[in-house]
Amino acid sequence: MVNRTLIEATWVEVFLTRLNELPLDSGLGTNGACLIASFSIEGHAIVSVDDMIADASGAMPPALRHPADWVRFQAALDEAALVVLGRRSHETTPNPKGRNRLVMSRSVAGLEQRVDGWWWNPEGVLLQDALDAAAPEGGLVAVPGGRGVFDFFLGAGFDAFHLARNAGVMLPGGVPVFGACADGLSAEAVLSGHGLRAGEAEVLDADAGVTLTVWRR
Ligand SMILES: NC(=O)c1ccc[n+]([C@@H]2O[C@H](COP(=O)([O-])OP(=O)(O)OC[C@H]3O[C@@H](n4cnc5c(N)ncnc54)[C@H](OP(=O)(O)O)[C@@H]3O)[C@@H](O)[C@H]2O)c1
């Protein structure tokens with residue numbers, strides 16, 4: 001006979017263990033399901049054939065960028081109510097259009113509004129509160145990374161991820177798009193493991209081997 005009390009107790013224990021494993025700063029579900037009200041969160045990256053967003057020096061080589069992807073990416077940023085960037089990307093990418101930026105950095109305690117945008121540390125302020133303050137009308141949140149930012153939003157739950165790949169570029173020892181890629185997982189496996197499903201791949205440049213796949217929840 002099955003011991004129902006034992007099974008229920010074990011299930012509760014597993015549930016509590018999982019709950020304790022949740023990142024405190026995300027406030028979100030175990031499967032990456034997005035619980036962020038009023039916002040649609042969409043990641044954007046162009047990766048090398050080996051899943052890198054930057055080379056071994058930490059810089060993004062011009063060869064990785066592609067004009068067709070760049071135009072698409074810039075149009076997506078124009079549509080967004082808010083653009084979330086890591087501090088390094090913010091500092092190395094000028095903002096001539098004055099887009100509304102949320103800069104992730106551990107150098108701030110919580111959320112600060114500065115002349116160059118909102119600076120945010122998720123250890124001090126919840127994601128929902130940061131988004132509500134920086135984009136009170138809600139809407140589209142574009143997340144161009146880099147890696148630590150992508151990892152944070154994988155936990156929080158992307159609604160979509162626009163993954164471009166430049167098959168003509170290899171960046172050994174570079175910066176992987178997601179931390180888990182350093183353990184041998186492909187970007188696709190990471191997205192799939194976080195509840196996203198691939199749309200049809202679009203060929204942006206057949207000769208250069210540049211494709212775009214939009215992953216959606
Ligand atoms: N190919 C692509 O699509 C693509 C996309 C994005 C970036 N890039 C390139 O990748 C390179 C850099 O990427 P990266 O990943 O090293 O830098 P990054 O994400 O732009 O910036 C890293 C910084 O962001 C802050 N940060 C990241 N995660 C955080 C978290 N969870 N909480 C609080 N702060 C956090 C930290 O700032 P503090 O040090 O201030 O605490 C960290 O040092 C650049 O060359 C960039 O151009 C390429």
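For ligands, and for the atoms within them, numbers begin at 1 and follow the listed sequence. One-based numbering along the sequence shown.
- For W119, the ring pair (Phe, Tyr, Trp, His ring centres under 6.0 Å) test picks out H90, with sequence neighbours left out.
- Across all their heavy atoms, A187 and C181 have their closest contact at N-SG, 3.8 Å.
- Rounding to the nearest 0.5 Å places CD1 of I46 at 6.0 Å from CE of M60.
- Here the CD-CG distance, from E137 to D132, works out to 11.0 Å after rounding to the nearest 0.5 Å.
- No side-chain donor-acceptor contact under 3.5 Å links R88 to the backbone of G146.
- Set against the non-hydrogen atoms of G86, the atoms of ligand 1 under 4.0 Å away are 18 (P), 19 (O), 20 (O), 21 (O), 24 (O).
- The contact set between ligand 1 and R87, taken as ligand atoms under 4.0 Å from a residue heavy atom, comprises 21 (O), 23 (C), 24 (O), 25 (C), 37 (O), 38 (P), 39 (O), 40 (O), 43 (O).
- The heavy atom nearest to atom 25 (C) of ligand 1, out of those in R106, M52, M104, is found in M104.
- When each atom of ligand 1 is checked for a heavy atom of R147 under 4.0 Å away, the hits are 15 (O), 19 (O).
- Residue F150 places no N or O, backbone or side chain, under 3.5 Å from any N or O of ligand 1.
- Below 4.0 Å from some heavy atom of A45 lie the following atoms of ligand 1, by number and element: 3 (O).
- Heavy-atom contacts of G148 reach the following atoms of ligand 1: 28 (N) (cutoff under 4.0 Å).
- Ring geometry for W120 against F153 counts as tilted: the plane angle lies between 30° and 60°, on a 0 to 90° scale.
- A donor-acceptor contact shorter than 3.5 Å links the side chain of D50 to the backbone of L171.
- Atoms of ligand 1 found under 4.0 Å from any heavy atom of S105, numbered from 1 in the order shown, are 33 (C), 34 (N), 37 (O), 38 (P), 40 (O), 41 (O).
- Interface of A59 with ligand 1, defined as ligand atoms under 4.0 Å from a residue heavy atom, comprises 45 (O).
- Residue N121 has no N or O atom closer than 3.5 Å to an N or O atom of ligand 1.
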All N/O donor-acceptor pairs, side-chain side in residues 160-167, below 3.5 Å, sequence neighbours left out:
from: H162; atom 1: NE2; to: E42; atom 2: OE1; distance (Å): 2.8
from: R165; atom 1: NH1; to: S48; atom 2: O; distance (Å): 2.9
from: R165; atom 1: NH1; to: V49; atom 2: O; distance (Å): 3.3
from: R165; atom 1: NH1; to: D51; atom 2: OD1; distance (Å): 3.2
from: R165; atom 1: NH2; to: D51; atom 2: OD1; distance (Å): 2.8
from: R165; atom 1: NH2; to: E188; atom 2: OE1; distance (Å): 3.0
from: R165; atom 1: NH2; to: E188; atom 2: OE2; distance (Å): 3.0
from: N166; atom 1: OD1; to: G168; atom 2: N; distance (Å): 3.1
from: N166; atom 1: ND2; to: A63; atom 2: O; distance (Å): 3.2
from: N166; atom 1: ND2; to: L64; atom 2: O; distance (Å): 3.3

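- Contact annotation: for P122 versus ligand 1, heavy atoms closer than 4.0 Å belong to the side chain alone.
- Atoms of ligand 1 found under 4.0 Å from any heavy atom of L64, numbered from 1 in the order shown, are 1 (N).
- Across V47, D151, I53, V103, heavy-atom proximity to atom 9 (C) of ligand 1 is greatest for I53.
- Contact annotation: for A54 versus ligand 1, heavy atoms closer than 4.0 Å belong to the side chain alone.
- Contacts of L85 with ligand 1, taken as heavy-atom pairs under 4.0 Å, are absent altogether.
- In terms of polar-atom proximity, defined here as any N/O pair under 3.5 Å, H44 makes no such contact with ligand 1.
- One distance of note links CD of Q113 with CG of L111; it measures 8.0 Å at 0.5 Å rounding.
- Salt-bridge formation is not detected for the pair D116/R101: no Lys NZ or Arg NE/NH1/NH2 atom is positioned less than 4.0 Å from an Asp or Glu carboxylate oxygen.
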